[in-house]
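Any value given below was found using the heavy atoms of this structure, including those in side chains, with hydrogens, waters and symmetry copies removed. Residue numbers start at 1 and run along the sequence shown. Here the structure is a predicted model, which means the values were calculated and not measured. Each ligand, and each atom within it, is numbered from 1 in the order the structure gives.
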Amino acid sequence: MNTQSIKARDDAHVLHTYGRSPVALVSGKGMVATDAEGKQYLDFTSGIGVNCLGYCHPAWVAAVTAQAGTLQHTSNLYYTEPCGALAEELCRRTGLDAVFFGNSGAEANEGAIKAARKYSVDTYGSDRNKMLTLVNSFHGRTLATLTATGQEVFHHDFGPFPERFGYIPAGDFAALQAAADAETCAVLLELVQGEGGVVALDKDYVAQVAAFCKERDILLLVDEVQTGVGRTGTFLACEQYDLHPDIVTLAKGLGGGLPIGAVVMTKKVADHMGPGSHGSTFGGNPVVCAGALAVMEQLTPELLAHARKMAETLRTGLQTLPHVTAVSGLGLMVGIAFEDGISAAAVRTACEQQGLLVLTAKTRLRLLPPLILTQEDVDKALAILRTVLEKV
Ligand SMILES: *Cc1c(COP(=O)(O)O)cnc(C)c1O
């Protein structure tokens, strides 16, 4: 099938919930995706932060295919090896104690909200269930995570929404002090707001929030769905903030391309989530967990150091491009702000025509390249961006 026929069939039968490019991808290897006409694209999107090892990494393919041919699913009524092995590795890497597996970032955040409320209500009574989240955050598309998402634009059309969510501006500690009361159970935040424009939170602010929460036993929930699994240069972005939250959520990069979400928490919180308190038919699926374990195995200190080095040269290069006013974010989670009048969406489209896939976030261009990118890939992307920006 060619792009036109693939697109026409999809448009006829798939909901039109996405603003899509007229590109149909058929295969990928490493940093490069190929479309139905054989045109190649250097991919600086990773499928929105998912393909952290690039397309079809041999170790990931081997792990997934071996597990698919051995035992593909069992339900959570039985034990399997990959699920426990992945949970053990996640606890080791995060310093947390126990994991619940679901299938997406939104589901992971739903699990985190449930676990936080359960702990708080069990410990302090049924009214202590209020959640605070940050303005401009993004936490997912289910009803509770849409509500948690601190952007007014998401709070229409699908109500009634769950109650007892409040929003505080990022970076404003006094606003948190004013909003938190005796019925507040948790604060949920992203350390780098991804969909909100690739904006990193201030370290002193985060430290103040953490100390405030600790003092009052308000649980601190960090949504690392996008920032986690090496994206910002360390396994968790929390490490760079010297932060030890009660709950961390992971998804995107963890599965290396297969759907997974993980809620990782302290024993204190986990002890309240007993039999029947939560569940998922597919959660902890052995094929998905085997793929995620392969990702974890590849994510060595050397690969993380490489990702940090590539992030540095990419960021340095971006600052020299025409019309660029700021380069934001952390590690390989990159936001690019332009002078007024330059549309990030138009730059994105022009890059695509030149064979470079990039993303946008609000008014910014956004790059989430696979962690395996090389200096050559950085140079090539910078050259295409320069060509595009010289013409806008
Ligand atoms: C993408 C994202 C989500 C939602 O993840 P899904 O897998 O699409 O449900 C939640 N939080 C953050 C920070 C994200 O970037």
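Atom 11 (N) of ligand 1 has D223 OD2, 2.7 Å as its closest protein atom, hydrogens excluded (heavy atom only). Summary of contacts: the protein heavy atom closest to atom 6 (P) of ligand 1 is G105 N, 3.4 Å.
Side-chain atoms of S280 and N103 include a donor-acceptor pair closer than 3.5 Å. A donor-acceptor contact closer than 3.5 angstrom links the side chains of R348 and S21. Looking at D379 and Q375, their side chains do bring a donor and an acceptor atom within 3.5 Å of each other.
The backbone and the side chain of S104 each have at least one atom closer than 4.0 Å to an atom of ligand 1 (non-hydrogen atoms only). Only the backbone of H139 comes within 4.0 Å of ligand 1, counting heavy atoms alone; no side-chain atom from C-beta on gets that close. Under 4.0 angstrom from ligand 1, there are no non-hydrogen atoms of T249.
A salt bridge links E195 with R366: the distance from a Lys NZ or Arg NE/NH1/NH2 to an Asp or Glu carboxylate oxygen falls below 4.0 Å. Salt-bridge formation is detected for the pair D271/K267: a Lys NZ or Arg NE/NH1/NH2 atom is positioned less than 4.0 Å from an Asp or Glu carboxylate oxygen.
Put simply, atom 8 (O) of ligand 1 has no protein non-hydrogen atoms near it, under 4.0 Å away.
For atom 15 (O) of ligand 1, the nearest non-hydrogen atom from the set E107, E195, K252, E110 comes from K252.
The distance from ligand 1 to the heavy atoms of E190 drops below 4.0 Å at these ligand atoms: 13 (C). Annotation for ligand 1: atoms under 4.0 Å from non-hydrogen atoms of A106 are 4 (C), 5 (O), 6 (P), 9 (O). Atoms of ligand 1 lying under 4.0 Å from at least one heavy atom of N109, given by number and element, are 10 (C), 11 (N).
Note: no N/O pair closer than 3.5 Å links G140 and ligand 1 by distance alone. Any N or O atom pair closer than 3.5 Å counts here, and V225 shares no such pair with ligand 1.
Of the options R164, R128, R117, a salt bridge (Lys or Arg N to Asp or Glu O under 4.0 Å) to E183 is made by R164 and by none of the others. Checking each of D217, D97, D122 against K268 for a salt bridge (Lys or Arg N to Asp or Glu O under 4.0 Å) leaves exactly one that passes, namely D217.
Judged by the 6.0 Å and 45° rule, K203 forms a cation-pi pair with Y241.
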